[in-house]
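First comes the structure, then the notes that go with it.
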Amino acid sequence: MTSSETNTTTSMPGTSAPDPAELTAWFDAHARDLPWRAPTTTGWGVLVSETMLQQTPVRRVQPVWEEWMARWPRPSDLAAATQAEVLRAWGKLGYPRRALRLHEAASVIATEHGDVVPAEVDALLALPGVGTYTARAVAAFAYGRRAPVVDTNVRRVVARAVHGAGDAGPPAPKRDLADVEALLPADDARAAKMSAALMELGQTVCTVRSPACEACPISHDCAWQHAGRPAYAGPPKKVQRFAGTDRQVRGRLLDVLRGADGPVTREQLDAVWNDAGQRDQCLDSLLTDGLMEQTQDGRFALPGES
DNA sequence: AACGCGTGGGC
DNA sequence: TGCCCAAGCGT
């Protein structure tokens, strides 16, 4: 197949379609040597990496992923661990509910899928903590399936290269998926590589703040380039506050428990935040979320260690 | 469909 | 500094 056969929209005003051959050739030459990309990595290893990478940068994930793979090489290994062990091993990756959901997913995989991460998107979507992105990422990256992968990086690459916009607007799941679907070659292997290449391009070249267009393999065919790289003109992006939020308080409370050998007293938890009302509310929500437990004598502990 | 959910680093 | 950002998910 020639590139012209897949570039069906290049003649439309204001749009372009990246050439899969150019993108995948660039990926072969420039992809970072990330451990979960090793050919020996199992579906389990990919699922763990994708879960850890949800909203957490590669640099912080890498050492933790290595530890997890050495300690829990199969889903059944993780399933056999306690929640407290899992939460401590998760460390400070953030959003610790991801760790509990991955723990649950490991049990499901062990008992219902023969200890092998499923390759079908629908089966993956049924797992706790696996959403539309992660399901397709595992299908594509672990099993070489043609599954459109839409993350923040891909949305940005598509916004620029295809639509000529400075950045992606608010997520529009149906349209975003259709956009990527239209870019992928028909066969599994090349589609999977194209998905990986789109993500890698967005992470390392087509970045938010300082895109390295001179190093981009598809800049010659980029609608944003051709339009003179106009600034983002969409609705302003929502800013996530952190200082003073429950998220910060919960993080501090949980950090006390991670650092302790066993149950801690309420006084130890009281010390990390001075607003008693907010503190108690966060304590309650952590208990509700199953991220901590209260012992019979009224102390607090990570789940499964008391 | 917004919103809440951790943490750390870059500028 | 404070703000923005980082391979999302569940509700």
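Lettering of chains follows the sequences in order, A, B, ..., and the numbering in each one begins at 1. Only heavy atoms go into these numbers, but all of them, side chains included; no hydrogens, no water, no symmetry mates.
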(message) Determine whether a donor-acceptor pair (N or O, by modelled atom type, separation under 3.5 Å) exists between the side chain of A:Arg146 and the backbone of A:Pro185.
(response)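 Such a contact is found between A:Arg146 side chain and A:Pro185 backbone.
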(message) Can a donor-acceptor pair be found, under 3.5 Å and without considering hydrogens, that links the side chain of A:Gln268 to the backbone of A:Thr265?
(response)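 Yes.
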With [atom1] as the reference atom in both, quote the distance from [N] to [M] in angstrom, rounded to an integer.
N      : M     : atom1 : answer
B:dC11 : C:dA7 : P     : 16 Å
C:dT11 : B:dG6 : P     : 14 Å
C:dC4  : B:dC3 : P     : 16 Å

(message) Using OP1 and OP2 only, check whether a side-chain N or O of A:Arg247 sits under 4.0 Å from B:dG6.
(response) no
(message) Side chains of A:Gln54 and A:Tyr133 only: does a donor on one sit below 3.5 Å from an acceptor on the other?
(response)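 Per modelled atom types, A:Gln54 and A:Tyr133 side chains form no pair under 3.5 Å.
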(message) Quick one about A:Arg250 and A:Ser285 (side-chain donor to acceptor, distance below 3.5 Å, no hydrogens or angles considered), yes or no?
(response) yes
Whole-Å distance separating the [atom1] atom of [X] from the [atom2] atom of [N]:
X        : N     : atom1 : atom2 : result
A:Asp246 : B:dC3 : CG    : P     : 16 Å
A:Arg250 : B:dC3 : CZ    : C1'   : 14 Å
A:Leu253 : B:dT7 : CG    : P     : 10 Å

(message) Does A:Leu254 reach a base, just sugar-phosphate, or nothing at all? Heavy atoms under 4.0 Å.
(response) nothing
(request) Could you say whether A:Leu291 or A:Arg59 is positioned toward the 5' end of DNA chain B, judged by the nucleotide with the nearest heavy atom to each? (result) A:Leu291
(message) Within the 4.0 Å limit for protein heavy atoms, which parts of nucleotides 4-11 of chain C are touched? Write it as a string from 5' to 3', B for base, S for sugar-phosphate only, - for none.
(response) BSBBBSS-
(message) With salt bridge (Lys or Arg N to Asp or Glu O under 4.0 Å) as the test, pick out the partner of A:Lys193 among A:Asp28, A:Asp187, A:Asp188.
(response)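 Among A:Asp28, A:Asp187, A:Asp188, the one that satisfies the salt bridge (Lys or Arg N to Asp or Glu O under 4.0 Å) with A:Lys193 is A:Asp28.
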(message) So which atom in A:Glu181 and which in A:Pro148 form the shortest heavy-atom distance, rounded to 0.1 Å?
(response) OE1-CG, 3.4 Å
